[in-house]
Visitor: 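Can you keep this structure in mind? I'll have questions shortly.
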Amino acid sequence: MTVRRVVPDAHTDPATYAEHRAFYGLLGLEEVMNLGWVMALASPSNPTAQLIYLTHEETAPVVPDLSIEVEDVDAVHAAVLASGAEIIHPLTDEPWGVRRFFTRDPSGRVVNILTQSHR
């Protein structure tokens with residue numbers, strides 16, 4: 001299975017988006033997505049280097065701790081199900097262009113596993 005990127009997700013207040021943009025802009029990160037409830041910052045020279053800030057989750061019951069983009073989310077979902085790991089948010093095609101599910105890792109962290117639908 002191919003991992004395309006691993007991104008930490010941070011729960012935050014939307015009023016801090018501008019502060020995060022300015023601070024991480026000092027390191028060269030730029031805003032690449034902002035849906036109001038979620039904002040992504042990325043390196044223009046290495047778009048897999050990202051940070052995500054969320055105020056809440058639009059369709060899932062919890063805010064994830066990290067996101068992992070994989071080449072084939074359906075295959076990963078099947079492997080996670082077969083392992084007996086907890087599925088927190090079912091495999092879903094989201095309106096913002098990702099197919100994803102949430103699971104819990106052995107330490108209890110919530111992991112958003114996704115594939116970009118437009119790829």
Side-chain angles (χ1 to χ4, degrees):
M1 294 187 201
T2 301
V3 173
R4 292 185 170 150
R5 65 185 166 116
V6 177
V7 181
D9 296 332
H11 190 209
T12 192
D13 184 316
T16 66
Y17 281 1
E19 295 171 42
H20 284 94
R21 269 192 305 274
F23 179 81
Y24 288 104
L26 299 171
L27 302 173
L29 299 180
E30 298 176 355
E31 183 179 287
V32 293
M33 177 187 65
N34 189 334
L35 300 178
W37 60 273
V38 59
M39 176 184 71
L41 304 174
S43 166
S45 62
N46 179 5
T48 63
Q50 293 187 5
L51 297 172
I52 293 179
Y53 292 93
L54 299 99
T55 63
H56 65 280
E57 249 302 331
E58 275 296 290
T59 64
V62 296
V63 172
D65 296 300
L66 66 134
S67 295
I68 300 177
E69 182 181 355
V70 297
E71 186 174 80
D72 185 351
V73 73
D74 293 285
V76 174
H77 183 260
V80 169
L81 275 176
S83 79
E86 179 185 4
I87 300 294
I88 299 167
H89 179 62
L91 191 58
T92 305
D93 291 310
E94 302 289 8
W96 53 90
V98 300
R99 181 168 173 79
R100 69 181 183 158
F101 71 97
F102 288 11
T103 188
R104 195 174 302 276
D105 80 4
S107 295
R109 288 179 187 84
V110 177
V111 183
N112 172 25
I113 301 174
L114 67 119
T115 296
Q116 298 284 336
S117 300
H118 64 273
R119 289 188 185 203

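Computed from a predicted model, the values in this text were never measured in an experiment. Positions are given from 1, in the same order as the sequence printed here.
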Visitor: Below 4.5 Å, heavy atoms only, C-beta onward: do Thr92 and Phe101 meet side chain to side chain?
Guide: no
Visitor: Count I, L, V, M, F, W, Y as connected when their side-chain heavy atoms are under 4.5 Å apart, and connections chain through other members. Are Leu27 and Val7 then in the same cluster?
Guide: no
Visitor: Do you see a donor-acceptor pair shorter than 3.5 Å between the side chains of Arg100 and Thr59?
Guide: yes
Visitor: Taking a hydrophobic cluster as the set of Ile, Leu, Val, Met, Phe, Trp and Tyr residues connected by side-chain heavy atoms closer than 4.5 Å, whether directly or through intermediates, do Phe23 and Tyr17 fall within one such cluster?
Guide: yes
Visitor: Can you tell me how far apart CD1 (Ile52) and CG (Asn112) are? Round to the nearest 0.5 Å.
Guide: 7.5 Å
Visitor: Working to the nearest 0.5 Å, report the span between CG of Asp74 and CG of Asp72.
Guide: 5.5 Å
Visitor: Show which side-chain atoms of residues 78-91 pair as donor or acceptor with protein atoms under 3.5 Å away, not counting sequence neighbours.
Guide:
| from | atom 1 | to | atom 2 | distance (Å) |
| --- | --- | --- | --- | --- |
| Ser83 | OG | Val80 | O | 2.7 |
| Ser83 | OG | Ala85 | N | 3.2 |
| Glu86 | OE1 | Arg104 | NE | 3.0 |
| His89 | NE2 | Glu94 | OE2 | 3.2 |

Visitor: So Trp96 and Trp37, would you call those rings parallel, tilted or perpendicular, with 30° and 60° as cut-offs?
Guide: perpendicular
Visitor: Identify the heavy atoms of Val70 and Thr115 that sit nearest to each other, and give their distance.
Guide: O-OG1, 2.9 Å
Visitor: For Tyr24 and Tyr53, take the angle between the two ring planes, folded into 0 to 90°, and tell me which bin it lands in: parallel under 30, tilted 30 to 60, perpendicular over 60.
Guide: tilted
Visitor: About how many Å separate OG1 of Thr2 and CD of Glu69, when rounded to the nearest 0.5 Å?
Guide: 11.0 Å
Visitor: Can you give me the closest heavy-atom contact between Ala42 and Pro47, atom names plus distance?
Guide: CB-O, 4.1 Å
Visitor: Shortest non-hydrogen contact from Gly36 to Pro14?
Guide: O-CB, 4.4 Å
Visitor: Taking the side chain as C-beta and beyond, is there a heavy-atom pair between His56 and Glu58 under 4.5 Å?
Guide: yes
Visitor: Any side-chain heavy atom of Val63 sitting closer than 4.5 Å to one from Val110?
Guide: no
Visitor: Quick check: do Leu41 and Gln50 have side-chain heavy atoms less than 4.5 Å from each other?
Guide: no
Visitor: Can you list the steps and then say if Ser67 with Leu114 is a side chain to side chain contact (heavy atoms under 4.5 Å, CB included)?
Guide: CA-CA 7 Å; Ser67 295; Leu114 67 119; 3.9 Å; yes
Visitor: Would you find a donor on one side and an acceptor on the other, under 3.5 Å apart, between the side chain of His20 and the backbone of Thr16?
Guide: yes
Visitor: Work out which heavy atom in Ile113 is nearest to a heavy atom in Val76; give both atom names and the distance.
Guide: CG2-CG1, 3.9 Å
Visitor: Is there a side-chain contact between Val3 and Ile68 (heavy atoms, below 4.5 Å)?
Guide: yes
Visitor: Is there side-chain contact between Met33 and Met39, with at least one heavy-atom pair below 4.5 Å?
Guide: no
Visitor: Which atom pair, heavy atoms only, marks the closest approach of Pro64 to Leu54?
Guide: CD-CD2, 4.4 Å
Visitor: Measure the CG-CG distance between Asp105 and Leu66 for me, rounded to the nearest 0.5 Å.
Guide: 7.0 Å
Visitor: Do the non-hydrogen side-chain atoms of Val111 and Phe102 ever get within less than 4.5 Å of each other?
Guide: no
